[in-house]
Amino acid sequence: MTKPRHTTEFEFHSLGIGATSKVKFHEYVPEGMAPFDATQTEITDEFASVERAYIQGSLHCSELPGMLVSHHLVKLLDGAALQGRIRKPITIAPYANPIGTQQIFLGTHLGRFSFSTGVNFNRSWPELSADIAANADVLRQLVPGDDQHNTVVLRKALYTTLCNSWKVNNVEKNLKREIYKRAGVSSLVLDLHCDMEAVLHMYTHDRLWPEMQDLADSINSQCQMICADSGGNAFDESCSDFWNKVQQLLTKQQHPAALTARGIPMACQAATIELRGQSDVYDELAASDAANLFAFLVRRGFVAQDEASPVPPLPSPSPSVATPLTGLDFIEATAPGVIAWRVRKGTHVTKGQLLGEIVNIEDHTAPRIPIEARCDGFVYGMELHKLAIPGEIIVYVAGKEPLEWRKGYLLTAK
């Protein structure tokens with residue numbers, strides 16, 4: 001009987017004396033293929049040439065939908081593996097952040113920022129493009145127009161540089177390096193998060209659209225936002241934008257491999273999937289989301305079709321459209337009070353439309369302060385609590401056109 005999966009654990013010292021943490025990786029490989037050996041500091045041409053998928057749950061570990069979806073996805077992949085249907089390697093990390101799972105303060109789980117360093121767990125991931133673009137030995141191996149060859153060369157260089165040169169000086173970086181060993185050399189990377197209160201939506205690189213329309217269609221995403229570099233080196237961008245940055249750096253150097261019509265391939269398709277809101281932790285939702293991700297893996301050829309129950313084709317043309325991340329408006333509270341919303345998540349709005357009001361609880365005769373849309377767009381999410389704190393983002397409106405004030409750092413938290 002085919003072994004359903006290979007499970008490995010990475011155990012590392014945590015913050016206290018005698019304290020350790022561990023993360024698990026479930027790997028599914030085709031029959032006859034060896035599982036990944038994380039102790040190696042170099043990878044072979046054969047390893048680097050294989051398409052791989054890496055999926056992780058709850059890097060922001062207080063965002064629990066990703067863990068529950070991963071739980072259901074592992075069950076589906078176990079079944080497929082027992083039937084011998086795995087065609088390309090797939091790795092699942094059901095909980096990607098064991099450090100954050102332990103961060104309980106006064107009964108509240110706070111898993112977005114590190115208590116130790118203050119760093120957002122989804123920032124400061126490896127950025128190795130400059131090191132590799134300056135490596136003369138790597139540059140000599142690149143061949144203009146040969147995507148497959150150049151992908152192998154750069155994946156090998158990425159892995160070797162990560163293992164030998166990326167400075168690891170705290171427990172978070174130790175964990176990040178272990179995760180990135182698997183994600184950085186993958187051709188498909190999905191990072192499962194959730195928002196505060198939101199509809200299902202996703203982010204991906206602008207050079208990966210419309211190639212990632214099939215992901216949006218498969219998971220029933222209601223909003224897709226794209227950019228090259230949002231700032232801070234988030235996990236998904238660390239995986240995909242590496243290839244874009246190498247292209248940019250080699251273009252400046254006038255390297256022949258970057259000057260062809262194809263240039264350096266975008267050999268990693270990465271996306272962040274926001275599985276609705278923090279309170280949307282329901283078995284039926286998670287099972288459905290896992291089934292949709294499983295169907296996506298089938299359509300992409302990572303898992304063979306079940307002839308008795310084939311995955312249906314997606315609608316054509318795709319109904320999914322992408323909007324620029326620079327068109328996303330973060331609307332902040334301008335006064336303290338209680339928010340009385342007029343619209344709900346999932347609403348299309350027009351510029352100037354009243355979204356809600358801030359109610360002055362201290363003075364019941366005071367006029368309410370309006371919260372208005374500053375562009376036409378889609379309300380995909382809002383703050384979970386309804387207490388207005390001046391300067392805090394309370395609602396998100398995804399517009400179709402770039403906004404002049406949306407420049408520089410494009411995400412909510414560094």
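No experiment lies behind these values; they were computed from the predicted model shown. Residues: numbered from 1 along the sequence shown.
Inter-residue side-chain proximity for Tyr95 and Cys61 is flagged as unmet; no heavy-atom pair is nearer than 4.5 Å. Proximity of Ile226 to Leu325: side-chain heavy atoms (C-beta onward) are nowhere separated by under 4.5 Å.
A donor and an acceptor atom, one from each side chain of Asp289 and Asn292, are nowhere located under 3.5 Å apart. Asn233 and Ser124 are not linked by any side-chain donor-acceptor pair at a separation below 3.5 angstrom, with hydrogens and angles left out of the test. For the residue pair His193 / Asp195, no side-chain donor-acceptor distance below 3.5 Å is found, with atom types taken as modelled. No side-chain donor-acceptor contact under 3.5 Å links His201 and Ser221.
A donor-acceptor pair is defined here as one N or O able to donate and one able to accept, closer than 3.5 Å; no such pair exists between the side chain of Ser240 and the backbone of Cys268. No side-chain donor-acceptor contact under 3.5 Å links Ser186 to the backbone of Leu188. Judged by distance alone, the side chain of Tyr28 and the main-chain N or O of His6 form no donor-acceptor pair under 3.5 Å. The backbone N or O of Gln353 sits nowhere less than 3.5 Å from a side-chain atom of Thr350 that would complete a donor-acceptor pair. A donor-acceptor pair under 3.5 Å is formed between the side chain of Arg299 and the backbone N or O of Pro312. Side-chain N or O atoms of Gln247 include one that pairs as donor or acceptor with a backbone N or O of Ala258 at under 3.5 Å. With hydrogens and angles disregarded, a donor-acceptor distance shorter than 3.5 Å links the side chain of Ser238 to the backbone of Pro126. The closest donor-acceptor contact from the side chain of Asn97 to the backbone of Leu59 lies under 3.5 Å. Checking side-chain atoms of Gln103 against main-chain N and O of Phe115 turns up a donor-acceptor pair under 3.5 Å. Remark: side-chain polar atoms of Glu237 are not paired, donor with acceptor, to backbone N or O of Asp229 under 3.5 angstrom.
The cationic group of Arg52 does not satisfy the cation-pi geometry with Phe36, failing either the under 6.0 Å distance to the six-membered ring centre or the 45° limit from the ring axis. For the pair Arg87 and Phe302, the NZ or CZ position fails the cation-pi test of under 6.0 Å to the six-membered ring centre and within 45 degrees of the ring normal.
Under the 6.0 Å cut-off for aromatic ring centres, Phe330 and Tyr396 qualify, their centroids lying closer than that. His205 has its ring centre no less than 6.0 Å from the ring centre of Tyr203. Ring to ring, Phe10 and Phe12 are close: their centroids are under 6.0 angstrom apart.
With Asp329 as the fixed residue, the side chain to side chain donor-acceptor pair (under 3.5 Å) test singles out one of Arg406, Lys351, Arg374: Arg374. When each of Phe235, Phe242, Trp166 is checked for a ring-ring contact (aromatic ring centres under 6.0 Å, His included) with Trp125, only Phe235 meets the rule. When each of Val359, Asn360, Thr334, Ile339 is paired with Ile369, the side chain to side chain contact (heavy atoms under 4.5 Å, CB included) condition holds for Thr334 and for no other.
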Set out, in order, the CA-CA distance, both residues' side-chain angles and the distance that settles side-chain hydrogen bond (donor to acceptor under 3.5 Å, both in side chains) for Tyr54 and Gln56, then state yes or no.
CA-CA 7 Å; Tyr54 175 85; Gln56 68 179 19; 2.8 Å; yes
Please lay out, stage by stage, how Arg5 and Asp78 fare under the test salt bridge (Lys or Arg N to Asp or Glu O under 4.0 Å).
CA-CA 7 Å; Arg5 55 182 146 88; Asp78 278 355; 2.8 Å; yes
Give the C-alpha distance, both sets of side-chain angles, the deciding distance and a yes or no for side-chain contact (heavy atoms from CB on, under 4.5 Å) between Glu211 and Gln269.
CA-CA 9 Å; Glu211 287 84 354; Gln269 296 187 338; 3.7 Å; yes
Go through the steps to decide whether Arg300 and Asp214 satisfy the test salt bridge (Lys or Arg N to Asp or Glu O under 4.0 Å), and finish with yes or no.
CA-CA 9 Å; Arg300 283 293 188 96; Asp214 62 333; 2.7 Å; yes
The test is side-chain contact (heavy atoms from CB on, under 4.5 Å); show your working for Leu250 and Ile264 and say whether it passes.
CA-CA 9 Å; Leu250 296 191; Ile264 300 299; 4.1 Å; yes
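A distance of 8.0 Å separates CG in Leu64 from CD in Gln278, rounded to the nearest 0.5 Å.
For the pair Glu197 and Arg276, the salt-bridge criterion is not met [side-chain N within less than 4.0 Å of a carboxylate O]. Under a 4.0 Å N-O distance rule, the pair Lys22/Glu11 does not qualify as a salt bridge. Ionic pairing of Asp45 and Lys156 is present here: one or more N-O contacts between side-chain nitrogen and carboxylate oxygen are shorter than 4.0 angstrom.
For Glu392, the CD atom counts as densely surrounded, since its 6.0 Å shell holds more than 12 non-hydrogen atoms of other residues, nucleotides or ligands. For Glu46, the CD atom sits in a loose shell: 12 or fewer heavy atoms of surrounding residues, nucleotides or ligands are nearer than 6.0 Å.
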